[in-house]
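Keep in mind that what you see is a predicted model, and the values were worked out from it rather than measured. Positions are given from 1 along the sequence.
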Amino acid sequence: MKNWLRKHPEVRTIRVAAADLNGQPRGKRVPVRFADAVVANGTRFPMSVLNLDIWGEDVEDSPLVFESGDADGILRPTERGFMPMPWLDAPTALMPIWMFHENGQPYDGDPRHALSRVVERYRAHGLTPVCAMELEFYLIDDSGRKLQVPPSPRSGKRRKAAEIMSIRALDAFDTFFTDLYDACEAMDIPADTAISESGLGQFEINLMHTDDALRAADDAWLFKMLLKGLARRHGFAASFMAKPYPDYSGNGLHTHFSVIDRNGRNIFDNGGPEGTELLRHAVAGCLNAMHDCTLIFAPHANSYERLIPEAHAPNQICWGYENRTTAVRIPSGNPAARRIEHRVAGGDVNPYLMLAAILGAGLAGIEGKMVPPAPIAGNAYALDLPLLPDTWAEAIDQFEGSETVRGIFPAELIRNLVMTKRQELRYIEELSPEEQTEIYLDTV
């Protein structure tokens, strides 16, 4: 890490940042001359900082604040190390960090540690998950009272209609996407294909698969930070809000995963399109946990406006082969790449918690040899199937009381997340729809 700074003498300041329960970066600005001390000794801030609500306020009555005296945790660099922050004017380096207790034990309320625990469970079986994510987002002109698509830097015109997979729509923002890909390269974020989506100003970028689940979540977290910062530099907003426009499609964050054994063999591959029995066990685990983990996949008030029928945002608990109307899809293609696509999460999720929930559920299915129901053929929305919770309050209650959730997440994280979400729910009900949009647009 020190070598990186020596190779970049232009850097004038650094940021140290950890993901809180909402996935928001929390941290400090540090003069570059003190960077070596942070690398060697870490930094400190209250453990309660990772348990802030969407406004960045301490959760009322949290035992982290009063019962503990608002004790500090020690935040140490992750294995990611330094990287540039290309959306800032001054040359700046970002160092991701995560939280530990004074005795060196991981802090259970840290979302990145929650994912690490799940990965360790796979490792105990001699297994490694391989993950990739697809992130949908909107480019938005929010300078006026009404949200709208930004004018094209090339033509000065605003798109009047959605153009799915349109090259013209991508070319309209070519300068922005060129800068975005250059920035991803500088930050070592594996951004792959970009496409235009079905909403006005909506796009999707795929992140390449990796056999390091922590890195996959890091990539998604860093990409969201980068995209929002770079868009502002170009004069508009980029938003992962689940449903910024009532009449356009919502933003999803689809996750693909397979599992390899000690020999590097994909345990879902049986040489054919149907996959192995282990794949079906993992599918069953994902379906079994989906209802109780909805709070992870739909963490905010606005999230539930996306989960509506016939909008490619599944609200039913089902699976199928090459079927985008189902919550879990098994894509076709080369059997060696046989995998599960989990399609429930919105773009507003915390990537660490989302991936922990999906991988933890899949492993529980494998361990328990769970058997899924029959795969769905045709339009799943037309069938009478088990449903996800349709309100935020119900999702919070289901998450809190679930044995399945307790099998994936530590008790402290469950307690903290439930308190955080109940406070957010209480406050958000006092706001108008316009005020809610203003808050969620930039923060999630």
Side-chain angles (χ1 to χ4, degrees), residues 23 78-80 83 96 112 115-116 118-123 125-137 180-181 183-185 187-195 197 203-224 226-227 240 251-271 273 275-276 278-279 282-283 285-286 297 319 321-322 324 327-345 347 349-363 365-366:
T78 72
E79 60 277 10
R80 191 74 181 224
M83 64 194 69
R112 196 172 191 270
L115 176 56
S116 180
V118 172
V119 172
E120 287 299 323
R121 287 178 51 206
Y122 274 88
R123 188 172 290 123
H125 290 282
L127 301 174
T128 302
V130 178
C131 312
M133 298 187 198
E134 304 168 351
L135 296 97
E136 295 174 345
F137 56 90
L180 178 62
Y181 274 93
C184 285
E185 190 70 21
M187 296 178 70
D188 197 19
I189 298 171
D192 186 32
T193 306
I195 62 171
E197 277 285 356
F203 299 91
E204 175 187 280
I205 285 185
N206 299 339
L207 303 183
M208 291 291 289
H209 67 274
T210 173
D211 62 1
D212 183 341
L214 284 168
R215 187 176 183 90
D218 287 343
D219 288 337
W221 182 64
L222 292 166
F223 180 79
K224 292 176 76 171
L226 163 63
L227 182 78
F240 295 91
N251 286 322
L253 201 169
H254 300 163
T255 297
H256 295 246
F257 80 96
S258 58
V259 179
I260 57 176
D261 62 19
R262 290 186 178 93
N263 299 316
R265 183 183 65 87
N266 181 1
I267 68 171
F268 294 164
D269 172 22
N270 72 338
T276 63
L278 289 171
L279 178 141
V283 166
C286 288
F297 307 133
W319 73 292
Y321 290 94
E322 200 53 85
R324 286 186 169 86
V328 170
R329 166 180 171 252
I330 309 303
S332 59
N334 188 338
R338 191 66 62 231
R339 64 194 184 276
I340 291 170
E341 180 189 9
H342 199 291
R343 299 175 53 80
V344 178
V349 298
N350 179 324
Y352 299 102
L353 297 182
M354 180 203 68
L355 198 52
I358 292 171
L359 295 181
L363 183 59
I366 293 172

**Q.** E79 CD: over 12 foreign heavy atoms closer than 6.0 Å
**A.** yes
Q: Identify, with sequence neighbours excluded, every residue that meets side chain to side chain contact (heavy atoms under 4.5 Å, CB included) alongside P335.
A: D269, R338
(Q) Taking side chain to side chain contact (heavy atoms under 4.5 Å, CB included) as the definition, give me every residue that meets it alongside A337, ordered by chain and number, with sequence neighbours left out. (A)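 Listed in chain order: R339.
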Just jot down the side-chain hydrogen bond (donor to acceptor under 3.5 Å, both in side chains) partners of [X], sequence neighbours excluded, or say none.
X	result
R324	none
S332	E322
D218	R112, Y352
E204	none

So [Y] and [X], do their side chains get closer than 4.5 Å, heavy atoms only?
X	Y	value
M83	I189	no
H254	R329	no
I330	V283	yes
F240	V349	no
H125	I366	no
R121	L359	no

Q: Sort and list the pairs that fulfil salt bridge (charged side-chain N to carboxylate O under 4.0 Å, His left out) and have at least one residue in residues 205-216, not counting sequence neighbours.
A: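 Applying salt bridge (charged side-chain N to carboxylate O under 4.0 Å, His left out) to every pair that reaches into residues 205-216, excluding sequence neighbours, yields D188-R215.
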**Q.** Test salt bridge (charged side-chain N to carboxylate O under 4.0 Å, His left out) applied to D192 - qualifying residues, sequence neighbours left out
**A.** none
If I compare all heavy atoms of [X] with all of [Y], which pair ends up nearest, and what's the gap?
X	Y	result
A216	L355	CB-CD2, 4.2 Å
N350	G23	ND2-N, 3.3 Å
A183	L226	CB-CD1, 3.6 Å
V118	A356	CG2-O, 3.8 Å
A336	N266	O-ND2, 3.1 Å

Set of ring-ring contact (aromatic ring centres under 6.0 Å, His included) partners for [X], sequence neighbours left out:
X	result
F268	none
F223	none
Y321	W319
F203	F177

Find the distance between [atom1] ([X]) and [atom2] ([Y]) and round it off to the nearest 0.5 Å.
X	Y	atom1	atom2	answer
N206	T193	CG	OG1	5.5 Å
M354	L115	CE	CG	9.5 Å
C286	E341	SG	CD	12.0 Å
L180	E185	CG	CD	11.5 Å
L207	C131	CG	SG	11.5 Å
Y181	I205	OH	CD1	4.0 Å

**Q.** Chi angles and distances behind the side chain to side chain contact (heavy atoms under 4.5 Å, CB included) call for L127, D261
**A.** CA-CA 5 Å; L127 301 174; D261 62 19; 4.2 Å; yes
Q: Please lay out, stage by stage, how V259 and L278 fare under the test side chain to side chain contact (heavy atoms under 4.5 Å, CB included).
A: CA-CA 10 Å; V259 179; L278 289 171; over 6 Å; no
Q | Flag for H256-E134: side-chain donor and acceptor within less than 3.5 Å | A |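 Yes - a donor-acceptor pair under 3.5 Å links their side chains.
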Q. So, K224 side chain and G347 main chain: donor-acceptor pair closer than 3.5 Å or not?
A.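 Checking the backbone N and O of G347 against the side chain of K224, a donor-acceptor pair under 3.5 Å is found.
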